Amino acid sequence: MKGLVLVKQVPNTDSPFRLNAAATWVDEANLTFGLNDYDRYALEELLRLKDAGKVTEVVVLTVGPERAATALRTCLATGADRAIHVKDDALQGSDPLSLARVIHAAVKDEGFSLILAGLQADDDNHGQMGGLLARLMDRPCASAALSLALQEGGVIRVERELENNRLQVVDLTLPAVITVQTGINEPRYASLKGIMAAKKKEIRTVGLKDLGLDAGQVGGKAARLKTLRLAPPPKGKGAEMLQGPADKVAQEILRRIREKTGVV
Amino acid sequence: MGAKILVLAEHEGGAIREITWELLGLAHRLAGEAGWNAAEIKALILGQGVEGPAGEIAGRGAAEVIYGEGPALRNYTGDGYDRAIEAIVKSEAPEMLLIGHTPDGWDVAPLISAGLGVPLATECSAIALQGGKARLTRKVFNGKFVQEIDLGDARPLLATVQKGAAAPFAGRTQGQVRKVTAAVGDADLRARFVEVKKGEAGAVDLTQASVIVSGGRGLGGAEKFSVVRALAEALGGQVGASRPVTDMGWLPHEHQIGSSGVTVSPKLYIACGISGAIQHIVGMRGSGYIVAINKDAEAPIFGVADVGVVGDLFEVLPALTKAIKEAKGQA
Ligand SMILES: Cc1cc2nc3c(=O)[nH]c(=O)nc-3n(C[C@H](O)[C@H](O)[C@H](O)COP(=O)(O)OP(=O)(O)OC[C@H]3O[C@@H](n4cnc5c(N)ncnc54)[C@H](O)[C@@H]3O)c2cc1C
Ligand SMILES: Nc1ncnc2c1ncn2[C@@H]1O[C@H](COP(=O)(O)O)[C@@H](O)[C@H]1O
């Protein structure tokens, strides 16, 4: 049984974020990038199924620019067997549904029994891709998994995170798509040996033509979900900001805690 | 009459969830903006034995409530709900389909998006209709920015709406109810509901604490939590955390505050190295007095805090702990 993890390279959350000149996205110049946190958990989940002898091959796929290859390398070094990088200038500006169509075209003949994605990407926060792909492939889907377990008879049992510390348990018939919530496991890190081994592993790069798609059908031109602008979040009531050396600030906080809360 | 706006109602064993009234409130406001008749606002509820709840919704916001019943819909599954909803949306052909950004709403919405071939805007905090165009507001980068998007001429306009984004519909309506038999049979389902169960309970209960000092990813490691613990101790309070902290095992899950953790309302809440994602904020914004310490001046946590310090928590926390001990005569 072959498994796939969809992965995305996203800006690290502690990067210095600034808007671009047109205020349509962030300025990428000063950002550092890494593997989307949710996807690290998804990859670990599939690697564990492979360690347990239930999955024979772990493939990772990303759609993204040149820099995204680094995220694929990270996955290969962590234990994935091979990688697919869909890369095409025409994909710039894609919306989630048209990206899902591209991913569908790239995976439909691979025969993956289990496809995992992250619950959401830390950049666009759409939280859609797993579900979109599942529906395009006509497969069942469950989102926000906090546990997965293969059962007899080609079924996978998923515990989905609900609110108020509750879980929904649902059985999906394979082939299926599942999106993974953070905290489902403790992701491993790439070992030195893994990093060396990764150098011999394959990253296959494909463009729209290779997938039998043309720009216009998919990609930026076909996008209907369009960003008008980005802005800083509304400030709410806004905090009173204190400045100065730590000792002085500490006294100021203490004074307010005393006045406002009476806990000291 | 077809629907202009179709609202997906949510219920739990027949009890209507609050998000449903919020979606109806939003639907009435949007219909007003677009010049649509309130008679064209409909709701959809799925389940087994939901005629009663359907009637309740017809009295509180929807001109017509379509209720879909069948064994395949007794409990939520993405597979069953998606097929039933797609069939009804195709026959109603609404301009807009509103779904709550809840665990189930968020689960099914992408399936509907791909099934109908229309784009989806998730977790919207605001929606406006102007001149036949929709402008939807949502967060990106976990709340560091808000994004305004449009969905072009795709119909229905499909969105999931954040909880609390709209005021619940407060009026009365005299709507109709109409039953449709689900287009999906139990045997067709590739997803089978097993149960809903409680997660594990922990040893600590933060809901009763009067002081909470919380640490986030900015702490950088389990061993670094000693600075948080020291301050909590000086204040006679408890230690809280954001999700990454418990995900990474720096603290047990019961310390997690937020939408998937506990909701707290202490007299004093001190957030250290926490950016202030909405899922965290909903769990602590009811606190009496909020102090935030973060090295990033733009962190959204400062939007809900009463007092904020832009600085390194590893300098500010020990200084604050010292000041408190001195004030208590413990130094
Ligand atoms: C369905 C769902 C449910 C969720 N439920 C929850 C939930 O219940 N609770 C929750 O918290 N999150 C929840 N999340 C996750 C949430 O979206 C955020 O990812 C999370 O809250 C971020 O945690 P953080 O602020 O600690 O980390 P980050 O966002 O990475 O922020 C770390 C902060 O630390 C600051 N920092 C770093 N070093 C220092 C220093 N030395 N001094 C001062 N500041 C420093 C940085 O400036 C940054 O602002 C949920 C997400 C989803 C999708
Ligand atoms: N460009 C992409 N390439 C590969 N996988 C992606 C891409 N975008 C999103 N995904 C996957 O879908 C998940 C959810 O992303 P999103 O719907 O963008 O929030 C991510 O965690 C990835 O697993």
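By convention in this document, chain letters (A, B, ...) are assigned in the order of the sequence lines, proteins followed by strands, and residues within each chain are numbered from 1. Just so it is clear, the structure is predicted and the values come from calculations on it, not from any experiment.
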Closest heavy-atom pair and its distance - [X], [Y]:
| X | Y | result |
| --- | --- | --- |
| A:Pro234 | B:Val146 | CD-CG1, 4.0 Å |
| A:Leu97 | B:Ser113 | CD2-O, 4.1 Å |
| A:Leu167 | B:Gly199 | CD1-CA, 4.4 Å |
| A:Leu254 | B:Ala327 | CD2-CB, 3.8 Å |

Counting only non-hydrogen atoms closer than 4.5 Å, does [X] touch chain B with its backbone (N, CA, C, O), its side chain (CB onward), both, or neither?
| X | answer |
| --- | --- |
| A:Ala144 | neither |
| A:Gln243 | neither |
| A:Ser98 | neither |
| A:Pro96 | neither |
| A:Asn165 | both |
| A:Leu228 | both |
| A:Leu119 | both |
| A:Arg101 | side chain |
| A:Glu252 | neither |
| A:Pro11 | side chain |

State plainly whether the residues [X] and [Y] are in salt-bridge range, i.e. N to O under 4.0 Å.
| X | Y | result |
| --- | --- | --- |
| A:Asp37 | B:Arg217 | yes |
| A:Asp138 | B:Arg190 | yes |
| A:Glu163 | B:Arg17 | no |
| B:Asp82 | A:Arg135 | yes |

Would you compute the distance between atom [atom1] of [X] and atom [atom2] of [Y] and round it to the nearest 0.5 angstrom?
| X | Y | atom1 | atom2 | result |
| --- | --- | --- | --- | --- |
| A:Arg166 | B:Glu12 | CZ | CD | 4.5 Å |
| B:Asp247 | A:Arg40 | CG | CZ | 10.0 Å |
| A:Thr179 | B:Asp107 | OG1 | CG | 7.5 Å |
| B:Ile293 | A:Ile253 | CD1 | CD1 | 5.0 Å |
| B:Lys197 | A:Leu162 | NZ | CG | 11.5 Å |

In terms of heavy-atom pairs under 4.5 Å with chain A, which of [options] leads?
| options | answer |
| --- | --- |
| B:Leu136, B:Leu111, B:Ile112 | B:Leu111 |
| B:Glu148, B:Arg135, B:His253 | B:Glu148 |
| B:Gly152, B:Pro119, B:Ala109 | B:Pro119 |
| B:Val316, B:Asp79, B:Leu268, B:Ile301 | B:Leu268 |
| B:Glu195, B:Lys267, B:Met248 | B:Glu195 |
| B:Val118, B:Thr321, B:Val291, B:Asp153 | B:Val118 |

Give a yes or no on whether the backbone of [Y] and the side-chain of [X] come within a donor-acceptor separation of less than 3.5 Å.
| X | Y | result |
| --- | --- | --- |
| A:Gln168 | B:Tyr76 | yes |
| A:Gln128 | B:Leu120 | yes |
| A:Asn125 | B:Asn142 | yes |
| B:Arg243 | A:Thr182 | yes |
| A:Arg160 | B:Pro103 | yes |

**Q.** B:Lys144: salt bridge (Lys or Arg N to Asp or Glu O under 4.0 Å) partners, not counting sequence neighbours
**A.** none

Any idea which of [options] has the most non-hydrogen atom pairs under 4.5 angstrom with chain B?
| options | result |
| --- | --- |
| A:Cys141, A:Pro233, A:Ala134 | A:Pro233 |
| A:Gly262, A:Ala246, A:Gly130 | A:Ala246 |
| A:Ser143, A:Gly183, A:Ala231 | A:Ala231 |
| A:Gln251, A:Lys248, A:Arg139, A:Glu161 | A:Glu161 |
| A:Val10, A:Val26, A:Leu133 | A:Val26 |
| A:Val249, A:Thr173, A:Asn185 | A:Thr173 |

Does any heavy atom of chain A fall under 4.5 Å from the side chain of [X], the backbone, both, or neither of them?
| X | result |
| --- | --- |
| B:Gln256 | neither |
| B:Val304 | backbone |
| B:Glu254 | neither |
| B:Lys139 | both |
| B:Ser259 | backbone |
| B:Asp104 | both |
| B:Val211 | side chain |

Within a radius of less than 6.0 Å around [atom1] of [X], do more than 12 heavy atoms belonging to other residues, nucleotides or ligands occur?
| X | atom1 | answer |
| --- | --- | --- |
| A:Glu186 | CD | no |
| A:Asn30 | CG | yes |
| A:Gln151 | CD | yes |

Quick one: does [X]'s side chain get under 4.5 Å of [Y]'s, heavy atoms only?
| X | Y | value |
| --- | --- | --- |
| A:Arg18 | B:Glu298 | no |
| B:Val140 | A:Asp123 | no |
| B:Phe141 | A:Asp122 | no |
| A:Arg224 | B:Leu151 | no |
| A:Val263 | B:Tyr289 | no |
| B:Asp306 | A:Lys260 | no |

Q.
Just checking B:Phe145 against A:Trp25, ring centres under 6.0 Å apart?
A.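 Between B:Phe145 and A:Trp25, the centre distance exceeds or equals 6.0 Å.
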
